[in-house]
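Report on the structure given below.
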Amino acid sequence: MKRKITLKGIALALLLSASFISNAQEQPRSFGKYPLEPNKYGIVRCASYENELILQQNNPKRATEVQFEAWMQEKLKELREKRKQKSGNTIMTIPVVVHVVYNTSVQNISDEQVQSQIDVLNEDYRMMAGTPGFDDSGLGVDTQIEFCLAKVDMEGNATDGIDRLFTTTTQFTTRQSVEDFKSFTIWDPTQYFNIWTVNWGGELSNLLGYSQFPSESGLQGLADYGGDDFTDGVVISYKNFGSANKVDSNVFQWPYQYGRTATHEIGHALGLRHIWGDDDNCQGNDYCADTPVANAATQGCPLGQDSCPQVGLDMIQNYMDYSNDECMHIFTQNQLDRMLVVLQNSPRRASLLTSTVCGVASTPDLQLLQGTKVYPNPAQNVLNIKVENGDLPDNYAIYNSIGQTVANVKVTTEANLTVDTSAYSNGIYFIKIDKGNESKTIKFIKN
């Protein structure tokens, strides 16, 4: 689906000013205030750890690592107790929207390249036999997690799950420029797992990608997250999205051309940490007993490496290391357990498993919400909520771009569907509309 941005695009262009554009090779690498260390190929594999540190600093209500792991360990105990009492496996399907962000035709990657990435994710997470994602060592597991491109967009219309977004920004050179763009273009993160492909530059030159780590379920509500809802997802270089094994294209960047960046970053989004624990000298902890301690991130593909001899060979085949794409083919049982905890309990993760956007809307409440629209957008003094068939939603809440509640309205008559926005400051807002057990979030701009 190709989206042509008009008035919205003007607002976004102001947001993403020309100051974000710079010469990539002349600046030191940094992610916010955190330095990024390129590997021997001059590439920065991942900035998810640095992103989480920034999120925690910006939002005092976000769980620290200690708090998150305390919650995780308690949930893991519950998971393992339930496993003793229940047998059988359930396939978990995560609906995906891929926002292809482009300034040039090269960055506007093909449908085939996007589909090749979905195929790689399914091969890796399902450990499919006969694919590069299969592990015959006995260390890897089939996670029972699958991915599908959305078939229904936020307006209830048919989609191929690919959202093409032209931008006047030639390169994304700072974290903030990316986070601003994400907040403007995100699809409802409770129903879609959002992925953006972008062109990096400047401070972020040769970065492969980064993810937003999940929240623990003790914090509820949009306002509690300080706007983290509106940036949730994964951002990946267009050069490292999809697989050169499946698509004949000269866009791919060696040696990360087989789609494992997305496998790695989605692992973070589902609660996994780097296997060396982001702490060198064998002192790190990824909280998984079945991934041997490593001294540091792996570079290249050094099979048989043993950087911490007392605990076994480094698991360089693990998707949560920094090895070359061709070396990776393992998620472990402990890693799977962490992902299950997140998918069953974490906000904006558990709801993905009940989303119907990969198929036809099945409930009347969901059908009503999928047909709900707001106009005019951008709004000046009034925002109207339009519903189909004269049926009314139950209530709605409006949040500003940092997650603060601006309005909370119980809908009793059609008059409640007219929102007075005259006193709102100019900027981006989100309206979350509820009907029964279903909800829909729509972005709008106040000019």
Side-chain angles (χ1 to χ4, degrees), residues 29 31 35-50 117 120-121 123-125 127-143 205-211 236-237 239-245 252-268 272-336 338:
R29 313 288 181 86
F31 196 78
L36 295 174
E37 296 295 332
N39 63 15
K40 64 182 182 180
Y41 307 118
I43 291 172
V44 178
R45 194 74 162 96
C46 171
S48 294
Y49 175 70
E50 292 80 2
Q117 182 63 75
V120 168
L121 290 173
E123 292 170 3
D124 291 352
Y125 279 79
M127 202 177 74
M128 289 185 182
T131 75
F134 182 70
D135 172 63
D136 60 0
S137 70
L139 300 174
V141 297
D142 173 1
T143 70
S205 176
N206 279 332
L207 171 64
L208 299 195
Y210 73 93
S211 177
I236 296 174
S237 165
K239 300 175 185 178
N240 308 100
F241 192 77
S243 175
N245 279 335
F252 294 109
Q253 182 182 38
W254 179 91
Y256 307 109
Q257 73 273 44
Y258 299 126
R260 267 48 193 280
T261 298
T263 303
H264 176 100
E265 297 302 344
I266 290 174
H268 284 311
L272 301 187
R273 300 185 183 276
H274 293 137
I275 63 167
W276 71 97
D278 292 293
D279 194 357
D280 295 346
N281 302 315
C282 305
Q283 299 300 310
N285 190 356
D286 70 344
Y287 305 97
C288 292
D290 55 3
T291 58
V293 176
N295 179 63
T298 297
Q299 299 191 45
C301 192
L303 291 172
Q305 175 175 282
D306 190 1
S307 61
C308 300
Q310 70 275 19
V311 289
L313 296 179
D314 297 356
M315 191 178 281
I316 70 163
Q317 309 96 317
N318 197 284
Y319 294 117
M320 302 314 295
D321 203 348
Y322 278 7
S323 314
N324 292 358
D325 274 16
E326 63 184 345
C327 307
M328 295 179 163
H329 52 84
I330 287 177
F331 283 123
T332 68
Q333 182 63 53
N334 287 177
Q335 288 176 323
L336 168 56
R338 288 177 67 89

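Values reported hereafter were calculated over all heavy atoms of this structure, with side chains retained and with hydrogens, waters and symmetry mates removed.
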Task: side-chain contact (heavy atoms from CB on, under 4.5 Å) between Y256 and I43, worked out - done: CA-CA 10 Å; Y256 307 109; I43 291 172; 3.7 Å; yes

Do the side chains of [Y] and [X] get nearer than 4.5 Å, heavy atoms only?
| X | Y | answer |
| --- | --- | --- |
| S323 | Q317 | no |
| V44 | L208 | no |
| Q305 | L313 | no |
| H264 | T261 | no |
| D279 | N285 | no |
| R29 | N206 | yes |

Which value, rounded to the nearest 0.5 Å, describes the distance between [X] atom [atom1] and [Y] atom [atom2]?
| X | Y | atom1 | atom2 | answer |
| --- | --- | --- | --- | --- |
| M328 | D135 | CE | CG | 13.5 Å |
| T291 | W276 | OG1 | CH2 | 11.5 Å |
| L336 | M127 | CG | CE | 11.0 Å |
| Y319 | T143 | OH | OG1 | 9.5 Å |
| F241 | Q257 | CZ | CD | 15.5 Å |
| D325 | S243 | CG | OG | 8.0 Å |

Treating [X] as the side-chain partner and [Y] as the backbone partner, does any N or O pair qualify as donor plus acceptor under 3.5 Å?
| X | Y | value |
| --- | --- | --- |
| N39 | Y41 | yes |
| N324 | E326 | no |
| Q253 | N240 | no |

Open item on the list: Suppose we call two aromatic rings close when their centres sit under 6.0 Å apart. Are Y210 and F31 close by that rule?
Closed with: yes

- [ ] Check whether the ring centres of Y49 and H268 lie less than 6.0 Å apart, and answer yes or no.
- [x] no

[X]: partners by salt bridge (Lys or Arg N to Asp or Glu O under 4.0 Å), with sequence neighbours left out:
| X | value |
| --- | --- |
| E123 | K246 |
| D306 | none |
| D314 | none |

Task: side-chain contact (heavy atoms from CB on, under 4.5 Å) between H329 and F134, intermediate numbers included - done: CA-CA 6 Å; H329 52 84; F134 182 70; over 6 Å; no

Cut-off 3.5 Å, side chains only: do [X] and [Y] have a donor facing an acceptor?
| X | Y | value |
| --- | --- | --- |
| S307 | N295 | no |
| N334 | T332 | no |
| S48 | E265 | yes |
| D286 | Q335 | no |

Open item on the list: H274 vs Y322, test: ring-ring contact (aromatic ring centres under 6.0 Å, His included). Steps then yes/no.
Closed with: CA-CA 8 Å; H274 293 137; Y322 278 7; 4.9 Å; yes

- [ ] Any chance you could lay out the side-chain contact (heavy atoms from CB on, under 4.5 Å) test for D124 and R260, step after step, and finish with the verdict?
- [x] CA-CA 8 Å; D124 291 352; R260 267 48 193 280; 2.8 Å; yes

- [ ] Check the pair K239 / F252 against side-chain contact (heavy atoms from CB on, under 4.5 Å), numbers first and verdict last.
- [x] CA-CA 5 Å; K239 300 175 185 178; F252 294 109; over 6 Å; no

I need the minimum non-hydrogen distance between [X] and [Y], along with the two atoms involved.
| X | Y | value |
| --- | --- | --- |
| K40 | Q299 | N-OE1, 2.7 Å |
| G267 | Y125 | N-OH, 3.1 Å |
| G259 | Q117 | O-NE2, 3.0 Å |
| C308 | A294 | SG-C, 3.5 Å |

